[in-house]
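See below for the structure under consideration.
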Amino acid sequence: MKSKKAVIACQVFYHEILTRAEKEGIDVELLPQGLHDRIDSSDMRNEIQNKIDILEAKNDYDYIILAYGFCSGNVAGIKTKKASLVISLAHDCIPILTGRANLEGNLDSGGTYYLSRGWIDCGGDPYKQYLFMIDRLDKLA
């Protein structure tokens, strides 16, 4: 018997998740990109936990998979009541998207950004955010 699975994912993974989930019959819930940018980390945790609770109330899942990294600890304390919870050991979405070998190749290159299709479609502009943080936004002019 095939196990019943659901994925709760950040929108940056929409292409990768939806492509695979459709083939596998996995239910998918996408949450907005940028939840981890909020000042209060409990916002992200509460949104994910709420989505888990809703999914478990609607269906009897064997597994609920989180397509999130640790995101500065924002997934700490998330739990399921019935399903097995699967969480990545990655610190953020970049190693999930690139794989560990590719991440290690960029550790010596400060200021390296990885923009996936999901980041481009759903995220802000991290390069502009970076320039703003180092007070160099005028570089775009």
Determine whether [X] and [Y] make a side-chain contact, defined as any pair of heavy atoms from C-beta on separated by less than 4.5 Å.
| X | Y | answer |
| --- | --- | --- |
| V28 | Y14 | no |
| F13 | L18 | no |
| Q49 | I52 | yes |

[atom1]-[atom2] distance between [X] and [Y], expressed to the nearest 0.5 angstrom:
| X | Y | atom1 | atom2 | answer |
| --- | --- | --- | --- | --- |
| K5 | I64 | NZ | CD1 | 13.0 Å |
| L55 | I8 | CG | CD1 | 5.0 Å |
| K2 | K4 | NZ | NZ | 10.0 Å |
| E22 | T19 | CD | OG1 | 8.0 Å |
| I26 | Y61 | CD1 | OH | 10.5 Å |

Locate the shortest heavy-atom distance separating [X] from [Y]; write the atom from each residue and the value.
| X | Y | value |
| --- | --- | --- |
| Q33 | Q11 | N-OE1, 3.4 Å |
| I17 | A9 | CG1-CB, 4.1 Å |
| A67 | V7 | CB-CG1, 4.2 Å |

For the residue pair Y68 and N74, confirm or rule out a side-chain donor-acceptor distance under 3.5 Å.
no

Verdict with supporting geometry, L31 and K51, side chain to side chain contact (heavy atoms under 4.5 Å, CB included):
CA-CA 9 Å; L31 295 176; K51 192 58 70 174; 3.9 Å; yes

Run the side chain to side chain contact (heavy atoms under 4.5 Å, CB included) check on V75 and I48 step by step: do they pass?
CA-CA 8 Å; V75 297; I48 294 171; 4.2 Å; yes

Does E24 CD have over 12 foreign heavy atoms under 6.0 Å away?
yes

Extract all donor-acceptor atom pairs below 3.5 Å that involve side chains of residues 76-89 and protein atoms in other chains or at least two apart in sequence.
from	atom 1	to	atom 2	distance (Å)
T80	OG1	A83	O	2.4
K82	NZ	E56	O	3.3
S88	OG	A90	N	3.0

